[in-house]
There are 4 protein chains.
Amino acid sequence: MNQHRNGPVRSAAAREAVLAATTRLFHEQGYDKLTIEGIAREAGVGKQTIYRWWSSRGAVIADCLAEGRLFPVEFEVPDSGQLLPDIEHWLSTVLAVLDARNGGELVRSLVAAAAEDPAVGTSLSERLGVERSLAARLERAVHDGQLPANAPIDQIGESILGAIIVRALSRQSDSGEPLRRLVRFLFAPSGPARR
Amino acid sequence: MNQHRNGPVRSAAAREAVLAATTRLFHEQGYDKLTIEGIAREAGVGKQTIYRWWSSRGAVIADCLAEGRLFPVEFEVPDSGQLLPDIEHWLSTVLAVLDARNGGELVRSLVAAAAEDPAVGTSLSERLGVERSLAARLERAVHDGQLPANAPIDQIGESILGAIIVRALSRQSDSGEPLRRLVRFLFAPSGPARR
Amino acid sequence: MNQHRNGPVRSAAAREAVLAATTRLFHEQGYDKLTIEGIAREAGVGKQTIYRWWSSRGAVIADCLAEGRLFPVEFEVPDSGQLLPDIEHWLSTVLAVLDARNGGELVRSLVAAAAEDPAVGTSLSERLGVERSLAARLERAVHDGQLPANAPIDQIGESILGAIIVRALSRQSDSGEPLRRLVRFLFAPSGPARR
Amino acid sequence: MNQHRNGPVRSAAAREAVLAATTRLFHEQGYDKLTIEGIAREAGVGKQTIYRWWSSRGAVIADCLAEGRLFPVEFEVPDSGQLLPDIEHWLSTVLAVLDARNGGELVRSLVAAAAEDPAVGTSLSERLGVERSLAARLERAVHDGQLPANAPIDQIGESILGAIIVRALSRQSDSGEPLRRLVRFLFAPSGPARR
DNA sequence: GAATAAGCGAGACGGTACGTCTAGTCTTATT
DNA sequence: AATAAGACTAGACGTACCGTCTCGCTTATTC
């Protein structure tokens with residue numbers, strides 16, 4: 001980080017170093033032990049450089065999220081024509097990634113960050129594909145007739161994401177089966193007669 | 001806290017002062033500006049007294065929650081026999097309370113606290129009546145046949161709570177109508193799953 | 001000449017702006033709050049322009065001193081033939097100028113600058129006319145026989161200047177009468193040493 | 001410094017460590033490179049402890065001075081009955097001490113400190129014995145008739161101290177002979193006829 | 001009249017220190 | 001033995017400057 005500097009335009013090297021260091025520290029220690037000083041130290045960057053370009057700790061995390069540095073993959077909901085299997089596939093992917101990297105801790109950190117900084121919440125939701133991919137898939141399901149015309153698409157997505165969050169907050173480590181039961185309840189192909 | 005205390009047993013006055021001060025500061029400034037020093041100052045109490053009886057900032061909040069100092073009322077789900085109206089009534093009560101006291105900020109603070117401290121999450125969920133009252137009501141709905149026998153009761157509660165949280169985290173201030181649409185979808189006479 | 005260079009030469013406007021800004025800030029805030037960044041800002045000049053032409057903060061002050069920007073007048077010791085009145089006249093002028101512009105603070109600032117940068121000390125002494133004018137006058141007094149042949153001219157000047165400095169450092173604001181008593185003692189017709 | 005702490009009364013150990021560290025750093029690096037953080041680091045003390053008990057960098061130095069940590073000895077003016085030899089003896093002692101420990105740098109540092117903080121000036125003057133011992137000796141000389149009755153005692157002392165300072169500020173390293181000439185001029189036992 | 005090269009305002013950069021705040025531990029005197 | 005008070009080390013906060021650097025522009029000199 002002390003090689004080529006570019007002068008009075010923003011240094012791409014510094015930006016990269018900050019985001020890389022933040023990603024590393026975030027995974028190692030979690031959000032509440034993440035400090036601006038720590039990032040600067042780890043990145044070999046002056047504190048002012050961070051304060052110059054990011055408004056808060058959360059803003060840095062939001063950038064990391066937006067660039068896919070915290071999750072390695074895109075979460076796409078496939079479209080096989082059948083709603084429930086598609087959603088289950090997406091959910092499995094999400095849970096696999098979360099569990100692989102000490103998911104509870106990761107989600108809690110992200111939630112803490114989101115509670116502090118709006119941008120993180122937005123980025124997180126986008127990154128998990130809730131809006132872009134999940135909502136789009138549900139939209140198509142409405143067109144297919146697999147969901148009723150008045151189904152509250154966004155809220156369904158939020159409720160699934162919310163259930164993931166609540167599960168993380170309550171420190172349950174149950175391999176995700178309950179969440180699968182939830183989506184099965186929501187999207188059962190042949191809804192059991194209920195009344 | 002400048003009263004006369006009587007020696008070597010735990011001071012009820014100190015406990016009361018701490019919880020009262022915490023409640024006040026939490027409402028005024030939110031969780032992330034809540035500090036042990038601030039509580040001690042406000043309560044007129046030595047820091048050590050707090051450290052002696054509570055393990056962390058979150059533990060104090062959890063105590064406040066458990067004693068109903070953060071929410072003034074109990075959230076009970078009524079049982080009129082009809083599931084959907086009962087749930088909607090409960091949801092309206094919850095939203096009314098949240099909106100009344102700058103709810104978004106309050107929920108975000110609670111979520112931040114829960115992300116840091118497990119006890120807070122548990123207390124919060126209990127306090128909102130999700131487990132005790134909501135889950136019990138859903139249980140009865142299963143017996144009634146208003147919900148299918150295999151309905152994932154706990155997860156349904158968590159998904160509603162989660163939706164409230166996600167809504168708060170994304171700073172939407174939409175008067176709760178979307179959440180009402182969600183519960184209508186979940187508990188509509190025909191059920192969310194349909195074919 | 002083997003060294004012909006092209007391009008613009010030193011900008012007189014920039015030099016002028018720097019010295020003017022420095023003078024202004026020095027008088028307003030004193031030496032220890034004088035910063036290169038502050039000067040550059042005030043002068044509307046790039047920092048590099050200052051670093052290119054001056055080696056240090058002190059060097060800029062020394063330039064200001066040398067150009068008479070910090071003291072408005074020359075301090076000349078008159079030569080009426082009578083030593084003591086001449087010196088008293090010079091001293092009165094110096095004290096008048098110092099007292100007029102919050103002299104204690106000014107002297108302290110100059111002393112601080114001199115302690116940091118040798119050039120300032122030299123400039124200061126020159127500017128006050130200690131060497132040029134006071135020492136010359138004393139020299140003439142030796143020739144006149146008003147001072148003994150072996151009188152340590154330079155040291156006498158330094159001791160007067162030093163007394164002014166000590167007085168400023170100890171924050172006495174005594175209208176200069178004590179200093180007048182000192183020079184009367186030094187240059188009384190009978191001399192300081194007497195038996 | 002992490003051994004015995006004394007509780008909510010001022011820690012003598014911390015005070016000692018701070019003053020010792022300050023003395024060390026002051027001699028090694030001079031006043032302008034002396035920082036609160038540096039002192040805290042060297043002393044193994046929290047910064048707040050310094051800010052709690054001293055109002056500024058200068059105040060710490062003043063304490064060091066007052067306790068004789070910067071100069072190892074007391075500077076006493078002897079009283080043999082003969083003024084000039086007594087003063088010369090005192091001056092030799094002072095100069096010896098100053099030269100022994102890179103005196104110019106030391107005096108400049110002290111002057112810079114005094115320019116910033118009044119207490120340092122006072123302490124310095126006291127420490128060198130200017131007031132206590134030198135002025136007292138001159139007083140006695142007045143009684144003896146070795147100095148005229150109206151001799152400005154304090155100013156004479158200040159002028160000698162001032163000459164030492166000016167000499168240090170102008171970076172002359174002349175072994176002190178000029179200063180000896182000055183005091184000889186001031187206190188010559190048999191003042192040469194001058195006019 | 002182009003090409004060249006220095007000076008210029010601007011300001012980003014890695015750093016260091018500032019003075020403040022809180023964490024969590026420990027000691028004192030009091031009750 | 002618990003308390004209110006508060007000193008202690010440690011370290012992060014966000015700000016201010018340091019001295020170096022690079023950028024794009026302007027300007028004078030040389031080819």
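No hydrogens, no waters, no symmetry mates; every other heavy atom, side chains included, goes into these values. Each chain gets a letter, A, B and so on, in the order the sequences are listed, and its residues count up from 1.
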Novice: Quick one: is Arg52(A) getting a side-chain N or O under 4.0 Å of the dA12(E) phosphate, OP1 or OP2?
Specialist: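 For dA12(E), OP1/OP2 do have a side-chain N/O of Arg52(A) under 4.0 Å.
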Novice: If you look at every heavy atom in Val45(B) and Val18(B), which pair is closest and at what distance?
Specialist: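 Looking at all heavy atoms of both residues, the closest pair is CG1-CG2, 4.0 Å.
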Novice: Using nucleotides 2-5 of chain E, report all nitrogen or oxygen pairs with the protein that are shorter than 3.5 Å.
Specialist:
residue, atom, partner, partner atom, Å
dT4(E), O2, Asn6(C), ND2, 3.3

Novice: Hey, which sits more toward the 5' end of DNA chain E by its nearest nucleotide, Glu37(D) or Leu34(B)?
Specialist: Glu37(D)
Novice: How many whole angstroms separate atom CD1 of Ile36(D) from atom C1' of dG19(E)?
Specialist: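 Rounded to whole Å, this separation is 9 Å.
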Novice: At their closest point, which heavy atom of Val111(A) faces which heavy atom of Ile165(A), and how far apart are they?
Specialist: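 Heavy atoms of Val111(A) and Ile165(A) come nearest at CG2-CG2, 3.7 Å.
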Novice: Between the side chain of Arg57(C) and the main-chain N/O of Asp117(C), is any donor-acceptor distance below 3.5 Å?
Specialist: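 Not confirmed, Arg57(C) side chain does not pair with Asp117(C) backbone.
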Novice: Tell me which residues in residues 111-120 of chain B put a heavy atom below 4.0 Å from DNA chain F, sorted by number, or none.
Specialist: none
Novice: Using a strict heavy-atom distance below 4.0 Å, which residues from residues 12-33 of chain C are in contact with DNA chain F?
Specialist: none
Novice: Find the distance Gln48(B):CD to dA23(E):P and express it as a whole number of Å.
Specialist: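 For the pair Gln48(B) CD and dA23(E) P, the rounded distance is 13 Å.
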Novice: I need the Thr23(B) OG1 to Glu28(B) CD distance, nearest 0.5 Å.
Specialist: 10.5 Å
Novice: Return the value, rounded to whole Å, for the distance between atom OH of Tyr51(A) and atom P of dA16(F).
Specialist: 13 Å
Novice: List the atom of Glu116(D), the atom of Asp32(C), and the distance in Å for their closest heavy-atom pair.
Specialist: CG-OD2, 4.3 Å
Novice: Under the side chain to side chain donor-acceptor pair (under 3.5 Å) rule, what pairs show up with a residue in residues 40-52 of chain B, not counting sequence neighbours?
Specialist: Arg24(B)-Glu42(B), Glu37(B)-Lys47(B)
Novice: If you look at every strand shown and take non-hydrogen atoms under 4.0 Å, does Gly44(C) touch a base, only sugar-phosphate, or nothing?
Specialist: sugar-phosphate
Novice: To the closest 0.5 Å, what do you measure between CG (Leu70(D)) and CG (Leu124(D))?
Specialist: 9.0 Å
Novice: Ignoring hydrogens and angles, write down the donor-acceptor pairs under 3.5 Å from the side chains of residues 59-69 of chain A, residues two or more places apart or on other chains.
Specialist:
residue, atom, partner, partner atom, Å
Asp63(A), OD2, Arg15(A), NH2, 3.2
Asp63(A), OD2, Trp54(A), NE1, 3.2
Glu67(A), OE1, Arg69(A), NE, 3.1
Glu67(A), OE1, Arg69(A), NH2, 3.2
Glu67(A), OE2, Arg15(A), NH1, 2.9
Glu67(A), OE2, Arg15(A), NH2, 2.7
Arg69(A), NH1, Glu16(A), OE2, 3.4
Arg69(A), NH2, Glu16(A), OE1, 2.7

Novice: OP1 or OP2 of dG15(E) sitting under 4.0 Å from any side-chain N/O of Arg41(A)?
Specialist: no
Novice: Quickly work out the Trp54(C) CH2 to dC8(E) C1' distance and round it to whole Å.
Specialist: 13 Å
Novice: If you look at every heavy atom in Val120(B) and Ala113(B), which pair is closest and at what distance?
Specialist: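 For Val120(B) and Ala113(B), the tightest heavy-atom pair comes out as CG1-CB, 3.8 Å.
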Novice: Nearest 0.5 Å, what's the CD-NE2 distance between Glu105(C) and His27(C)?
Specialist: 11.0 Å
Novice: Looking only at heavy atoms, which two atoms of Ala115(B) and Ala112(A) are closest? And how far apart?
Specialist: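 Smallest heavy-atom distance, with atoms named: CB-CB, 4.0 Å.
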Novice: Between Glu42(A) (CD) and dG15(E) (P), how many Å, whole number?
Specialist: 13 Å
Novice: Can you tell which of dC8(F), dC21(E), dG19(F) lies closest to the side chain of Thr49(D)?
Specialist: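 Closest nucleotide among those given: dC8(F).
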Novice: Atom CZ of Arg10(D) and atom C1' of dT28(E): how far apart are they, to the nearest Å?
Specialist: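 After rounding, the gap between these two atoms is 17 Å.
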Novice: Trp53(B) side chain N/O closer than 4.0 Å to the phosphate oxygens (OP1, OP2) of dT3(F)?
Specialist: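 For dT3(F), OP1 or OP2 has a side-chain N or O of Trp53(B) closer than 4.0 Å.
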Novice: Checking Ser109(A) side chain against Gly30(A) main chain: does a donor-acceptor pair fall under 3.5 Å?
Specialist: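 Side chain of Ser109(A) to backbone of Gly30(A), a donor-acceptor pair under 3.5 Å: no, none is there.
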Novice: I need the CD1-C1' distance between Ile50(C) and dT20(F), as an integer number of Å.
Specialist: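 It is 14 Å, rounded to the nearest whole Å.
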Novice: Looking only at heavy atoms, what is the nearest atom pair of Ala168(D) and Arg108(D), with distance?
Specialist: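 So the two residues come closest at O-NH1, 2.8 Å.
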Novice: To the nearest 0.5 Å, tell me how far Leu25(B) CG sits from Leu34(B) CG.
Specialist: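 CG of Leu34(B) is found 6.0 Å from CG of Leu25(B).
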Novice: With DNA chain F as reference, determine whether Lys47(C) or Thr35(A) sits nearer its 5' end, using the nearest nucleotide of each.
Specialist: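 Mapping each residue to its closest nucleotide by heavy atoms, the 5'-most match is Thr35(A).
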Novice: Would you write out the dot-bracket form of DNA chain F, 5' to 3', with Watson-Crick and G-U pairs under 3.5 Å, [ ] for crossing pairs, | for pairs to other strands and . for unpaired bases?
Specialist: |||||||||||||||||||||||||||||||
